Structure formats: structure tokens, C-alpha cells
Amino acid sequence: MSPPPIGAGTRIAGVIGDPVAHSASPALHNAGYAALGLDYVYVAFPVPAGRGGDAVRAMPVLGLVGLNVTMPHKADAARACDELSPDARVLGAVNTVIARPDGRLWGDSTDGEGFVRALRDDGIEPDGRSVLVLGAGGAARAVVLALGRHGARIVVAARRLDAAVDAAALAPDGEGRGYDGLDSCVAGVDVVVNATPLGMHGEPPPFDPAVLRADHAVIDLVYHPARTPLLAEAQARGVRVAANGLGMLVHQAALAFRAMTGREAPLDAMRAAVASGPDPAPTRG
Ligand code: NAP
């Protein structure tokens, strides 16, 4: 189904970021509109650091139906919202803002739930699993919050112990630690999640991959390159679930799509857009 031509009635959504030129979001959302024949268009707005709140507050004035928010605006955008979802409130960050018909701005963070949906696509139910999350930044915090809610036992390892402890506190009984003794920690968990940028430029994982077993699941939030050194090491050791961050990228977008259009996202069309579409690196969201 093709969407109607862009006209005066076309609804406008977009993504703000700095940089934003290589965001995968326009490809994802426009593919969804095309698949459903929706009279919407989705564009990338380069918004300089420090102006994210202004951009969000302008949404009702310009009649924008929704914005996705990527670095460095996630916290500023959250502060500009009138209401936040429970996740966004806890994280103090949003990746999705909806302008309601009355002009009120509602913010959500769909990264964590998007991650859990991608994990389930790979056949892994978080409930009762032990998960090591590497990194304690924005993505790690969203993942920890969602995994903890879905019953996973969480260890967060980061090079800054205070950040690891802080992120781990988002999950019931979460444990924060540094990188010392990481090999035995990896050996003791079911799932390893890389939520650091390590691997984007060929960097090896911060533990000895020899400790990986076939029954581990390894998820790298990095998706460019599609096969990071961590995933290559995991595959070489017969790890059955070794997935990159494309699944999370598609699902976080699908949740935003539903919030912006009121329609279930056409996942296959969105997946196809990032599998064959423009190179999504180096930004995300
Ligand atoms: P962030 O807020 O900047 O956090 C990055 C984390 O990685 C911090 O804990 C940081 O530690 C750590 N880190 C950075 N460089 C490191 C290094 N060389 N060695 C060890 N630790 C290092 O970034 P983010 O937004 O959480 O994103 C993290 C990764 O996830 C990025 O690669 C991003 O592209 C990816 N991501 C993917 C998706 C998706 O949909 N697939 C969504 C969001 C993010 P310090 O605090 O000590 O610097």
C-alpha cells in the first residue's frame, strides 16, 4: 500500500539529535507509514546541544505529532514534558515525545521495553535469568530497568563503580561492580549484554571470550558493525543466541510508532528498511 502524496493534511513526526544525519529513525518510521498507507511523514531535525527542550516545547506550535529524541537531548526533553511514563520518570530521560491534542507533552522511554521484545524474539524470556550488563550509561539504565521489571537478576559492570552501582539500583537486588574479576562473572550468568560502545571500532570485549559457553546468550546493543568482535567471539564458541542491537532498534521504534499513530507497527516492513536501507551508523534512535 502506498501512502497518499504529502499535502497540507500530512502529519509530521521526526527525530531530534546532534548529530542526527545518520539516524535510522526516518527509514524505520517512513517504511511503517508506507506499509500501512498512513498520511504521515517522518524527518530528522538537527537540533544543537542545549536546544532539545526548545524543540520539544515547539511541537504543539508546529503541529508535530511526535518526536523521537536521541543524544544529547534525552534529559532536556524529559524536563520539557508535562507528563512522563513511569519508565521515563525513573530514568529522567525520554526517547519519544507525543504532543496530545490539548497541547500537553507526554514523554516515554521505549529503549528498555524494546530491548526486552528483541530478547523475546530471540527466544529468551527474562524472568529468572541472570544477566550481566556491561556499561552504565543511558542505554544500560533503560535495559536494567526493563529487565528487572521482567524478573531478571541483574549485575551491572562498568569502569566507574559508582555509575554501575547507581544503574544496578534500578533493578530489584541489582548488583553493581567494576571490571575486576569480570571473567568469572561472565561465566556465572545466562545472558551478557554489551551496553557500551566497545566494538563499534573493532574493540574487543572487556573479558576473556574463552569463558563463553554455547548456552550463554550474548546481545550487543551495537549494530554497526553488524558483527562486533564480541559477537564474532561468541559465534566462534557456538553461542546459540548472539545478536546485535538491530532488534532493539526496531522494537523501540515500533513502540514509538504506536504511540505516534495509534497503529501497531508493521515490524517486517520496518526491519526490512534497516536491513536494506541506508547505513544507520553512526547515530541511533
Ligand atoms: P552512554 O550513555 O554514553 O554510556 C556509555 C557507557 O559505556 C558508559 O557506561 C561508559 O562508561 C561506557 N563506556 C564508554 N566507552 C567505554 C570504553 N572504552 N570501555 C568501557 N566502557 C566504556 O551511551 P548509551 O546511550 O548508553 O549507548 C551505549 C551503546 O549502546 C552505544 O554503542 C549505542 O550506540 C548503543 N545503543 C543501541 C541502541 C539500540 O537500539 N540498539 C539504543 C541505545 C544505545 P563511562 O561512563 O565511564 O564513560
Side-chain angles (χ1 to χ4, degrees), residues 15 17-20 22-25 27-29 49 68-78 87 91-96 108-119 121-122 132-147 155-168 170 176-180 182 192-207 218-231 243-257 267 270-271 273-275 279-285:
V15 54
D18 181 16
V20 77
H22 294 87
S23 169
S25 292
L28 283 163
H29 286 260
N68 285 120
V69 180
T70 188
M71 299 295 281
H73 303 308
K74 291 185 171 190
D76 286 347
D87 275 13
L91 297 169
V94 298
N95 72 346
T96 304
D108 192 13
S109 172
T110 65
D111 278 340
E113 207 52 39
F115 175 83
V116 168
R117 287 175 182 223
L119 201 60
D121 280 351
D122 287 324
L132 170 64
V133 177
L134 299 168
R141 292 173 62 84
V143 164
V144 167
L145 181 65
L147 283 175
V155 181
V156 179
R159 56 186 179 182
R160 287 187 301 119
L161 179 61
D162 58 336
V165 169
D166 199 51
L170 293 165
R177 52 172 298 151
Y179 277 175
D180 286 350
L182 207 49
V192 178
V193 179
N194 176 39
T196 77
L198 288 172
M200 288 180 84
H201 303 290
E203 304 90 338
F207 60 86
V218 177
I219 316 290
D220 203 328
L221 299 199
V222 173
Y223 51 83
H224 184 88
R227 194 161 175 261
T228 59
L230 169 62
L231 294 179
N244 66 26
L246 267 185
M248 171 177 173
L249 182 78
V250 169
H251 277 292
Q252 61 78 27
L255 290 163
F257 184 99
L267 284 171
M270 292 171 79
R271 277 195 196 100
V274 281
D279 184 345
T283 62
R284 63 175 192 280

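Ligands are counted one by one from 1 in listed order, and the atoms in each one are counted from 1 as well. A quick note: this is a predicted structure, and the numbers were derived from the prediction, not measured.
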Under 4.0 Å, heavy atoms only, figure out whether ligand 1 is touched by the backbone of Leu198, its side chain, both or neither.
side chain
Does any N/O atom on Leu221 come nearer than 3.5 Å to any N/O atom on ligand 1?
yes
Number the atoms of ligand 1 from 1 as they appear, then name those within less than 4.0 Å of a heavy atom of Ala139, with their elements.
24 (P), 25 (O), 26 (O), 27 (O), 43 (C), 44 (C)
Under-4.0 Å heavy-atom contact with ligand 1, by part of Ala158 that carries it:
neither
From the list Asp18, Asp108, Asp111, salt bridge (Lys or Arg N to Asp or Glu O under 4.0 Å) with Lys74 holds only for Asp111
Short list, please: which atoms of ligand 1 are under 4.0 Å from a heavy atom of Leu249?
40 (O)
Check each of Ala93, Gly137, Pro205 against atom 8 (C) of ligand 1 and report the one with the nearest heavy atom.
Gly137
Could you tell me which atoms of ligand 1, counted from 1 in the order shown, lie closer than 4.0 angstrom to a heavy atom of Gly135?
9 (O)
Check contact between Ala195 and ligand 1, using heavy atoms of the residue and a distance below 4.0 angstrom.
yes
Can you check which of Gly114, Pro197, Gly199, Gly112 brings a heavy atom nearest to atom 13 (N) of ligand 1?
Pro197
Is there a nitrogen or oxygen of Gly138 sitting under 3.5 Å from a nitrogen or oxygen of ligand 1?
yes
Does an N or O from Asp111, backbone or side chain, lie closer than 3.5 Å to an N or O of ligand 1?
no
Using distance alone, determine whether Arg160 and ligand 1 share an N or O pair under 3.5 Å.
yes
Which ligand 1 atoms does Val222 reach within 4.0 Å, using its non-hydrogen atoms?
32 (O)
Does any N/O atom on Gly245 come nearer than 3.5 Å to any N/O atom on ligand 1?
yes
Atom indices of ligand 1, in the order listed, that fall short of 4.0 Å to a heavy atom of Tyr179:
20 (C), 21 (N)
Which of the numbered atoms in ligand 1 are below 4.0 angstrom from a heavy atom of Met200?
32 (O)
Side chains of Asp220 and Thr228, donor plus acceptor under 3.5 Å:
yes
Any atom of ligand 1 sitting under 4.0 Å from a heavy atom of Ala136?
yes
